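Please read the structure below before turning to the comments.
Quantities reported herein were computed from a predicted structural model and do not represent experimental measurements. Both backbone and side-chain heavy atoms feed into the values below; hydrogens, waters and symmetry mates do not.
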Amino acid sequence: MPQEKRVHESTRRQRALETLVIFRRSLIYQTKEFFQNSTLHGVRYIAETGRPIGEKFMWFCFTSIGAVTALVIIMSLWEKFQTNPTITGLDTDFHNQNVVFPTTIVCPEAAFDHEKSYAAVYKSLANYDDTHAQMFAPFLELLTSLNFGNIRDAKVLSESIPKDQLEEHTIRQWAFEGHISCENTFVSCKYRDEDIPCCDHFEPIYTEHGFCYAFNSRFKSTATEDIKTGAPHDLYETDKKWALFFVPNSTSRIFIFSNEEYFGSDFNAQIDWSESQLVEVRISKKNTYTTDDARQLSIGQRKCIFSDEVKLNYFPDVYTFSSCMKQCRMNKAIKLCKCNPPFYKPINNVPMCMVKDFDCLDEFKANITNIKDCLQCELSCSKTVFNIDKLIKIMDRPESTGVLVEFLTWPIIRYKREVLFGWVDLLVSFGGIASLFLGFSLLSGVEIIYYFTLRACCMVYKNRQELYEIEERIRKEPPPSIDLQLRLKSHSTLRMGTPPTSAVLQVKPVGEGGGGSQRKHEMSFYNHTKNLYRSPKVLPDHGYGSTTMKSWKASDQAQYIP
């Protein structure tokens with residue numbers, strides 16, 4: 001049995017080797033057939049029998065140059081499609097746009113209330129001890145402006161406080177014990193030239209900028225969560241004044257940005273207001289939206305994300321660039337320190353950072369705030385930017401102080417981003433370039449696949465005996481001898497039936513009779529090489545006698561002829 005198994009294995013390997021050999025011969029045959037019958041420009045002259053080698057080389061160069069040129073142009077078009085497939089233009093249909101007043105945030109320089117902080121510490125941490133209350137109060141006051149820059153100072157101030165008493169509440173809850181109230185932040189407010197109660201419209205928020213109060217914000221903060229606010233304040237063309245006026249009670253930083261964004265450390269203050277100042281800010285709105293046709297492009301191509309395209313874990317309502325960046329910082333803080341910093345949005349099943357975690361946050365603050373780790377955050381496809389066109393500061397009117405945020409003109413311009421170069425345009429461009437330089441089309445590609453896969457395999461299956469005969473005939477032909485004489489030679493071959501003596505023949509003068517037979521020799525060679533692939537179809541006798549052969553029908557004797 002082992003001997004029979006080895007013989008069987010050897011026979012199987014031999015058959016596999018023979019199949020590979022005749023498949024190679026089939027590929028060579030199909031290559032010649034493809035070159036002779038293809039619609040690609042110039043390739044038929046490369047494989048045509050009897051053509052001088054110089055002419056073949058010339059057509060090979062022309063075809064190669066055309067292919068390389070087409071490839072270079074196609075690559076440039078592909079680069080354009082990947083990097084700049086959209087175009088931004090003006091959209092003047094301003095009557096249908098919804099104008100939302102920008103979010104205006106006021107962050108007091110001193111975000112704490114000293115009396116409130118002292119009272120909270122006196123009743124809890126100090127256990128009604130005045131000395132300890134005065135010692136512990138600065139810790140609560142610092143928590144109202146806690147960020148990555150002063151987190152080390154908060155750690156130092158907490159060292160004198162008993163840990164068991166400090167851990168009765170979270171750091172965020174302690175911060176809410178001493179923050180400044182809205183009544184102590186504003187004196188008066190006006191919106192659209194009408195008096196409004198400030199504390200009904202300015203909501204408290206707790207972020208990396210500390211405690212602030214926001215007008216027309218998307219959220220408000222409590223000691224345990226961030227709550228989504230109601231509908232934003234809209235403006236209409238018929239309003240008497242498109243403005244917000246308020247008088248802060250102390251030195252403050254003013255932030256102005258779109259209501260779509262989520263406030264955080266990504267924003268910088270546009271106004272530093274101090275007492276006895278009148279600041280007038282004239283703003284303009286620049287809105288850019290993207291048509292739905294751009295959804296056919298990838299995020300990297302259009303360089304923006306639709307509001308419903310990516311769902312953020314911590315801000316699932318709509319996608320914005322600022323919320324993505326904030327979530328990125330939160331994820332890094334949770335990954336590195338296993339807790340969520342107190343000035344971020346509280347998250348279910350994630351513990352808030354305690355005083356013992358301040359060392360970790362201080363150590364990794366550079367990693368957490370590094371924007372290079374948040375490259376997955378792209379701009380929103382619908383983005384609104386408010387530019388300050390005019391900023392006026394008046395210092396010599398102490399009787400008239402405050403901050404005025406007003407639209408310089410009614411927004412009449414929007415920017416529309418639409419697809420300039422889509423998939424259909426790319427396909428048309430590729431087809432035009434390939435057809436111009438090579439005569440190539442989609443069906444030409446199908447032909448290539450057909451010739452070198454299905455057709456080649458079918459020839460191995462249907463014309464196996466013919467391929468064996470061609471392979472055996474080519475093997476038996478001796479290689480041409482090499483003539484090293486330095487004489488001019490003619491690209492020709494010998495007559496059929498004569499043994500080859502040289503790869504080329506010497507050129508004879510016409511008067512000697514060589515010119516008359518030259519053409520006959522070339523035609524004889526052409527017919528000979530053609531017969532190598534057009535030999536009579538001979539089927540192997542698989543046990544059928546001549547009597548059986550005579551009884552076959554014509555359709556039974558049909559063979560596959562490529």
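Open room surrounds CD1 on Ile371; 12 or fewer heavy atoms of other groups in view lie less than 6.0 Å from it. Crowding of Lys56 atom NZ: a count of heavy atoms from other residues, nucleotides or ligands under 6.0 Å exceeding 12. Within a 6.0 Å sphere centred on NZ of Lys228, heavy atoms belonging to other residues, nucleotides or ligands number 12 at most.
Here CE of Met75 is found 14.0 Å from CD1 of Ile433. Values are rounded to the nearest 0.5 Å. Taking OG1 of Thr290 as the reference point, atom NZ of Lys303 lies at 12.5 Å (rounded to 0.5 Å). Separation of atoms CG (Asp292) and CZ (Phe306) is listed at 5.5 Å; rounding is to 0.5 Å. We find the NZ-CD distance between Lys390 and Glu406 to be 10.5 Å, quoted to the nearest 0.5 Å. Atoms CD1 and OG, from Ile305 and Ser380 in turn, are 8.0 Å apart once rounded to the nearest 0.5 Å. Of the inter-residue distances, the one linking Ile256 atom CD1 with Thr104 atom OG1 reads 5.5 Å to the nearest 0.5 angstrom.
Side chains of Asp266 and Ser322: no donor on one and acceptor on the other come within 3.5 Å. For Asp91 and Tyr289, the side-chain atoms include at least one donor-acceptor pair closer than 3.5 Å. For the residue pair Asp389 / Ser284, a side-chain donor-acceptor distance below 3.5 Å is found, with atom types taken as modelled. Side-chain atoms of Lys286 and Thr288 form no donor-acceptor pair, as typed in the model, at a separation below 3.5 Å. In this structure, a donor-acceptor pair under 3.5 Å is present between the side chains of Ser298 and Gln301.
Between Pro52 and Glu55 the shortest side-chain heavy-atom distance falls below 4.5 Å. Within the 4.5 Å cutoff, the side chain of Ser265 has no heavy atoms near those of the Phe343 side chain. Ile283 has its side chain out of reach of Leu408: every pair of non-hydrogen atoms, C-beta onward, lies at least 4.5 Å apart. Side chains of Ile347 and Ile334 form a contact here, defined as non-hydrogen atoms less than 4.5 Å apart. A heavy-atom distance below 4.5 Å is not found between the side chains of Ile73 and Leu71. At least one side-chain heavy atom of Tyr262 sits under 4.5 Å from a side-chain heavy atom of Asp226. By the 4.5 Å heavy-atom criterion applied to side chains, Pro411 and Phe386 are not counted as neighbours. For the pair Asp234 and Val99, the minimum side-chain heavy-atom distance is 4.5 Å or more.
Taking all atoms of both residues into account, the shortest heavy-atom contact from Arg295 to Asp308 is NH2-OD1, 3.2 Å. Ile205 and Phe219 make their closest contact through CG2-O, 3.5 Å (heavy atoms, listed as atom of the first residue, atom of the second, distance). Residue Pro341 comes nearest to Leu361 through the heavy atom pair CG-CD2, 4.1 Å, listed as atom of the first residue, atom of the second, then distance. For the residue pair Phe148 and Ile368, the shortest heavy atom distance occurs at CZ-CG2, 3.7 Å. The nearest pair of heavy atoms linking Tyr314 to Lys345 is O-NZ, 2.6 Å. The minimum heavy-atom distance between Cys304 and Glu309, with the atom names listed, is O-OE1, 4.5 Å.
Looking at Asn331, its side chain does come within 3.5 Å of a backbone N or O of Gln327 through a donor-acceptor pair. A distance-only check finds a donor-acceptor pair linking the side chain of Ser429 to the backbone of Asp425 [under 3.5 Å]. Although no hydrogens or angles enter the test, the distance criterion places a donor-acceptor pair under 3.5 Å between the side chain of Arg302 and the main chain of Leu297. The main-chain N or O of Thr320 is found under 3.5 Å from a side-chain atom of Ser323 such that the two form a donor-acceptor pair.
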Asn84 and Glu79: CA distance, side-chain angles, deciding distance, side-chain contact (heavy atoms from CB on, under 4.5 Å) verdict: CA-CA 8 Å; Asn84 193 24; Glu79 182 69 18; over 6 Å; no
Worked check of side-chain contact (heavy atoms from CB on, under 4.5 Å) between Lys383 and Glu261: CA-CA 9 Å; Lys383 183 174 177 60; Glu261 302 296 338; 3.8 Å; yes
Arg417 and Thr291: CA distance, side-chain angles, deciding distance, side-chain contact (heavy atoms from CB on, under 4.5 Å) verdict: CA-CA 6 Å; Arg417 183 191 291 120; Thr291 59; over 6 Å; no
CA sep, side-chain torsions, deciding dist, call: Asn287, Thr384, side-chain hydrogen bond (donor to acceptor under 3.5 Å, both in side chains): CA-CA 4 Å; Asn287 174 253; Thr384 301; 2.8 Å; yes
Working for salt bridge (Lys or Arg N to Asp or Glu O under 4.0 Å), residues Arg329 and Glu208: CA-CA 11 Å; Arg329 294 192 295 272; Glu208 293 127 313; 2.9 Å; yes
Working for side-chain contact (heavy atoms from CB on, under 4.5 Å), residues Arg218 and Asp317: CA-CA 11 Å; Arg218 295 181 59 186; Asp317 295 335; 4.2 Å; yes
Pair Cys374-Cys328, disulfide (SG to SG under 2.5 Å): steps then yes or no: CA-CA 6 Å; Cys374 304; Cys328 179; 2.0 Å; yes
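Residues Phe81 and Trp423 place their aromatic rings such that the two centres sit under 6.0 Å apart.
Ring pair His209/Phe263 is parallel by interplanar angle, where below 30° counts as parallel and above 60° as perpendicular.
Checked against Phe257 for a ring-ring contact (aromatic ring centres under 6.0 Å, His included), the options Phe267, Phe321, Phe101 give a single hit: Phe267.
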